[in-house]
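Here the structure is laid out as structure tokens; the discussion comes afterwards.
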Amino acid sequence: YTSTPKNYRPFSRVKFLKSSWLQIIRDVNINPLPKNVTFRTTVTRELNEFKLRPKSKGNIIIDTSIVKNFMWVRDYSVQWDLTQALRLNYKALSTSRIDEPPGLLDTREKKDSVWLSFRTGGRSTQFMQRIDGSWQVPLNKIPLFKWINTNLTYNATYNFTASPLS
């Protein structure tokens, strides 16, 4: 979702705020909607089944090997200019494993356990998020400080990696 939200200025037409000393109040503004919201999801399921053939003349039974991988990746992003001077960005990436019982899914109980794991979002194995904020402090709107430009920024990250079940 991408938009060009309208910037609302509640005090822009107030008559007694025309003074340059009150410009900081007159220029108060707000954007009620985010500029960009993104959600992307990827579900990947791999199933490899190997049956080795015996090379000897003996009666050796070799079991079938099954390798499974069922992953669900979710990517979120929000960009929101709360005002013309205050901007926030949020990004998150979540990776989950959908746990499957060993062997082929040949019974109703095994299939139901996979669907239950899928409906609950899987077992989170990795999560990363980042928050960025910036604010252009409006000191230059006061006539005495017109020569000053001040910017504040804030960045925070959080990373989580789960240990293996073993």
Side-chain angles (χ1 to χ4, degrees), residues 1-48 67-101 105 111-166:
Y1 169 77
T2 303
S3 72
T4 315
K6 185 171 170 74
N7 188 294
Y8 293 101
R9 298 175 176 271
F11 304 118
S12 64
R13 296 183 182 167
V14 177
K15 301 260 190 229
F16 68 88
L17 295 176
K18 294 293 183 191
S19 167
S20 62
W21 288 94
L22 298 174
Q23 180 181 358
I24 195 166
I25 297 170
R26 187 177 64 241
D27 288 347
V28 168
N29 60 77
I30 188 165
N31 289 326
L33 295 174
K35 187 176 179 180
N36 186 319
V37 176
T38 304
F39 175 73
R40 187 185 78 192
T41 184
T42 305
V43 178
T44 306
R45 182 167 190 258
E46 298 171 354
L47 174 70
N48 296 315
V67 179
K68 299 189 272 186
N69 191 22
F70 199 171
M71 301 298 287
W72 189 358
V73 178
R74 295 172 292 256
D75 191 1
Y76 314 90
S77 173
V78 176
Q79 293 179 342
W80 197 337
D81 297 347
L82 294 166
T83 68
Q84 285 181 332
L86 182 61
R87 298 165 193 251
L88 293 174
N89 292 329
Y90 174 79
K91 287 180 167 274
L93 178 69
S94 175
T95 304
S96 299
R97 178 174 296 282
I98 308 298
D99 291 320
E100 297 186 56
L105 299 178
K111 291 178 183 176
D112 287 345
S113 72
V114 171
W115 278 111
L116 177 65
S117 181
F118 190 78
R119 281 194 302 269
T120 58
R123 181 174 45 88
S124 184
T125 57
Q126 191 173 25
F127 181 75
M128 295 177 283
Q129 75 178 3
R130 179 180 174 96
I131 298 172
D132 298 317
S134 67
W135 181 37
Q136 185 177 359
V137 183
L139 285 177
N140 60 353
K141 305 235 182 218
I142 300 170
L144 188 61
F145 302 117
K146 266 210 183 307
W147 54 277
I148 297 176
N149 286 324
T150 307
N151 292 311
L152 296 174
T153 59
Y154 175 79
N155 300 318
T157 58
Y158 174 77
N159 294 320
F160 163 79
T161 302
S163 62
L165 291 177
S166 60

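Being a predicted model, the structure only gives us computed values, none of them experimental.
Of all non-hydrogen atoms in Tyr1 and Pro34, the two that sit nearest each other are CE2-O, 4.1 Å. Leu105 and Arg45 get closest at one heavy-atom pair: CD1-NH2, 3.4 Å. Summarising the geometry of Ala92 relative to Asp75, their closest heavy-atom pair is O-OD1, 3.1 Å, with the distance given to 0.1 Å. Here the closest heavy-atom approach between residue Thr153 and residue Ser134 is recorded as CG2-CB, 4.0 Å. Taking every heavy atom of both residues into account, Ser94 and Ser124 meet most closely at OG-OG, 4.4 Å. Taking every heavy atom of both residues into account, Pro101 and Val114 meet most closely at CD-CG2, 3.8 Å.
Within the 4.5 Å cutoff, no side-chain heavy atoms of Trp80 are placed close to those of Tyr90. The shortest distance between side-chain heavy atoms of Val78 and Asn89 does not fall below 4.5 Å. When side chains are defined from C-beta on, Phe127 does not count as touching Asn159, because their heavy atoms never get closer than 4.5 Å. Annotation: side chain of Met71 is in contact with side chain of Thr95 (closest heavy-atom distance under 4.5 Å). A heavy-atom distance below 4.5 Å is found between the side chains of Val43 and Phe118. Contact of the Lys141 side chain with the Lys146 side chain is not registered, since no non-hydrogen atoms from C-beta on lie closer than 4.5 Å. Residues Leu82 and Leu88 meet the side-chain proximity criterion, which asks for heavy atoms closer than 4.5 Å.
The neighbour count for Lys91 NZ, taken as heavy atoms of other residues, nucleotides or ligands under 6.0 Å away, does not exceed 12.
Asp81 and Thr83 form no side-chain donor-acceptor contact under 3.5 Å, judged by distance and modelled atom types alone. A donor-acceptor contact under 3.5 angstrom links the side chains of Arg9 and Gln84, judged on distance only.
The OG1 atom of Thr38 lies 13.0 Å from the OH atom of Tyr76; values are rounded to the nearest 0.5 Å. Atoms CD1 and CG, from Ile148 and Leu139 in turn, are 6.0 Å apart once rounded to the nearest 0.5 Å. In this structure, the separation between CZ on Arg130 and OG1 on Thr157 is 6.5 Å, given to the nearest 0.5 Å. Here the OH-CG distance, from Tyr8 to Asn31, works out to 9.5 Å after rounding to the nearest 0.5 Å.
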Take Gln129 and Leu93, measure what side-chain contact (heavy atoms from CB on, under 4.5 Å) needs, and give me the verdict at the end. CA-CA 6 Å; Gln129 75 178 3; Leu93 178 69; over 6 Å; no
Kindly determine whether Asn140 and Asn149 satisfy side-chain hydrogen bond (donor to acceptor under 3.5 Å, both in side chains), including the steps that lead there. CA-CA 6 Å; Asn140 60 353; Asn149 286 324; 3.2 Å; yes
Salt bridge (charged side-chain N to carboxylate O under 4.0 Å, His left out) between Asp99 and Arg97, intermediate numbers included: CA-CA 6 Å; Asp99 291 320; Arg97 178 174 296 282; 5.2 Å; no
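Figure legend: cation-pi geometry between Arg74 and Trp72, with NZ or CZ positioned under 6.0 Å from the six-membered ring centre and within 45° of its axis.
When ring centroids are compared, Tyr154 and Trp135 stay outside the 6.0 Å threshold.
In this structure, the side chain of Thr120 engages the main chain of Leu116 through a donor-acceptor pair within 3.5 Å.
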